[in-house]
*Asks:* 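Right, I'll just put the structure down here and ask away after.
Protein chains get the first letters and strands the later ones, always in sequence-line order, with residue 1 at the start of each. For clarity, every value in this text was computed on a predicted model and none was experimentally measured.
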Amino acid sequence: MEFEAVVGMEVHVEINSKSKVFCGCSGNFHAAPNTNVCPVCLGMPGVLPVLNVDMVNKSVAVGLALNCTISRWSKLDRKNYFYPDMAKNYQISQYDLPLCQNGWIDIEVDGQTKRIGITRAHIEEDTARNTHTIGGNQSGVDFNRSGLPLLEIVTEPDIRSAKEALAYLTALKQMLQYLDVSDCNMEEGSLRAEANISVRPVGQEKFGTKTEVKNVASFSGVHKAIEFEIARHIKLINSGGKVVQETRGWDADRGITVPQRLKESAHDYRYFPEPDLVPIVVDEAWEQRIRESLPELPAARRSRMGTQYGLSAYDANVITLSQDTANYYEQVVAAGADAKKAANWLMVELQSLLSAAKQDIRDCRVSPADLAALVGLIESGAINGKMGKDVIAEMFETGKATQDIVNEQGLSQITDTGEIEAIIRQVLADNPAQVEQFRSGKDKVFGFLVGQVMRATQGKANPALLNDLLRRELSRQEN
Amino acid sequence: MSKITKQDVEYVAGLAQLRLDDAAKERLVREMGDILAYMDQLNELDTSNVEPMMHAMEMTNVFRQDVVEPSLPREEALMNAPVHDGEYFIVPRILEGDAS
Ligand SMILES: [Zn+2]
């Protein structure tokens, strides 16, 4: 039997407001444990939470970017459960009237565009963090994370493979970074993804029994965990077994999912309206203000830059992956570089230097103007491509200007006809046997002679010019 | 007519982590039943022309600006904890990944 997978994703994103969502404590969770805490985020009785307006603005911005309907009227609810990460025994969240609903995002898989439905995006507060286990039987709890603004984004069960799930996360992260609402660092937990996974025979309408996978700390982990889970379901069903509805954790070391023991009655949260917080009313004017403040979003930028600079779909995609890279590229072109060549130098040479140094393009010492100058020098023939690679590596290392490096290292190509001709005559005189072979029709020897001249010039001869001059000299000597 | 059973009371008590003796359970069966009976009475009214009330407060949009305010000194934050180590609140071991 052939199966297809049905996957829905739930992503929790920590929004980068300066303060927490219901109190004025700092949102910086790198601080020493339990130093960004107050009676509100410690869950003391009798305190009054007040909603951070920055969270509403940023949540609406995300909702609009994800093509959601923004609720004119929405409210906060209490989700009740007992757990040490939630001191007041309820989490403030949104239940039946979330701020954003019914949106979509387009993802790219194997060159095909696919639309993934967004069910909802709602406001909630993050929980505290247990950071270490003391002596095996105890945990330490740090409330710095308690009350950080959290946006939960839920998809429709539209995802059909691990690959699509990865593409969805990539597109979502790109969108969130363009909006500058989160640093989306999965390792640090500012973006957390959970997947609901089931399989069904191809052609069957009804969903199979689903499992939920949590605890995945990287994008590649999500891909592997979903792939593993789909295969596990299919194997179970094919061998006559049944999938059990449960929550499973991803064990990255062993590369498998394992069942998680859950608190009892975890699914009866007895939601009710949070009486301490008043409803949120986002009227048309407010929504419009946020809409107008949105930056150019990834899809729009990709298509504009593709047209404006004549980039291939692939190139436009790579360059607009991050806003910083797209900005850098546009500055290189604005500084006068050829658009196509600038794209190549950015995507291949500069990108590999950045990856090797694990550096962000924002901190790159090669300025856009320098990269433009380099592209210009290569185009004019002043240096060749191979030298260009050395120059960009040197610029990357030292931050020196392009022309300075070229001058210092005497890297300029020899474009002086007389100088190259003199070397060619010397090489031909030194290799009479090869010249003879060439004359008797062995064309391959031509490459050998080019190589000899190149070596004599330490690779600095302009290759096109060298080819011309060598052919001319060979035929001149023959006559 | 809604009916509350002893099992319902025990289930809700379990969710709220309350330990109840038999007398309390019997009393709550009666009291919760009375509340639901009152709801049934309200349900008899025709409310088709009444705006649903989603929240007890008439006020909307009360916000704070995104400004960082001083937090508590850590000694004060930890002061009431039954167990702490000067940095963390100490609790019985938390199962991995068990957060909501
Ligand atoms: Zn606080």
*Asks:* Measure A:V21 against the heavy atoms of chain B and call it side chain, backbone, both or neither at under 4.5 Å.
*Replies:* backbone
*Asks:* Taking side chain as C-beta onward, heavy atoms only, is B:N61 less than 4.5 Å from A:I280?
*Replies:*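 They are in contact (side-chain heavy atoms under 4.5 Å apart), so the answer is yes.
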*Asks:* Shorter than 4.5 Å, heavy atoms on both sides: which option in B:A81, B:A16, B:A56, B:P70 has the most such pairs with chain A?
*Replies:*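 Of B:A81, B:A16, B:A56, B:P70, B:A16 has the most heavy-atom pairs under 4.5 Å with chain A.
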*Asks:* If I measure from the heavy atoms of chain B, does A:F22 come under 4.5 Å with its side chain, its backbone, both, or neither?
*Replies:* backbone
*Asks:* Report which part of B:A77 has an atom under 4.5 Å of a heavy atom belonging to chain A: side chain, backbone, both, or neither.
*Replies:*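 Both parts, backbone and side chain.
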*Asks:* Does some side-chain heavy atom of A:T35 sit less than 4.5 Å from a side-chain heavy atom of B:S71?
*Replies:*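 In short, these two side chains do not touch, never coming nearer than 4.5 Å.
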*Asks:* Does the side chain of B:R64 reach to within under 4.5 Å of the side chain of A:C23, using non-hydrogen atoms?
*Replies:*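 Side chain of B:R64 against side chain of A:C23, heavy atoms only: no contact under 4.5 Å found.
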*Asks:* Using non-hydrogen atoms and a 4.5 Å limit, figure out which bit of B:V67 sits close to chain A: side chain, backbone, both or neither.
*Replies:* backbone
*Asks:* Which answer fits A:P273, side chain, backbone, both or neither, if we ask what part of it has an atom under 4.5 Å from a heavy atom of chain B?
*Replies:*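 For A:P273, the contact with chain B is made by the side chain alone.
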*Asks:* Tell me, side chain or backbone of A:K18 under 4.5 Å from chain B's heavy atoms, or both, or neither?
*Replies:*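 Interface part for A:K18: both.
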*Asks:* Heavy-atom distances under 4.5 Å only: say whether A:R270 touches chain B with side chain, backbone, both or neither.
*Replies:*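 A:R270 touches chain B through side-chain heavy atoms alone.
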*Asks:* Roughly how far apart are B:N80 CG and A:L42 CG, rounded to 0.5 Å?
*Replies:*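 The CG atom of B:N80 sits 9.5 Å away from the CG atom of A:L42.
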*Asks:* Report which part of A:C41 has an atom under 4.5 Å of a heavy atom belonging to chain B: side chain, backbone, both, or neither.
*Replies:*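 No part of A:C41 comes within 4.5 Å of chain B.
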*Asks:* Between B:Q65 and A:V53, does a side-chain contact (heavy atoms from CB on, under 4.5 Å) hold up when you go through it step by step?
*Replies:* CA-CA 6 Å; B:Q65 296 305 305; A:V53 72; 3.7 Å; yes
*Asks:* Grab the two heavy atoms, one from B:E87 and one from A:N34, that are nearest each other, plus how far apart they are.
*Replies:* O-ND2, 2.8 Å
*Asks:* Determine yes or no for a side-chain-to-main-chain donor-acceptor pair under 3.5 angstrom, with B:H55 supplying the side chain and A:L277 the backbone.
*Replies:* yes
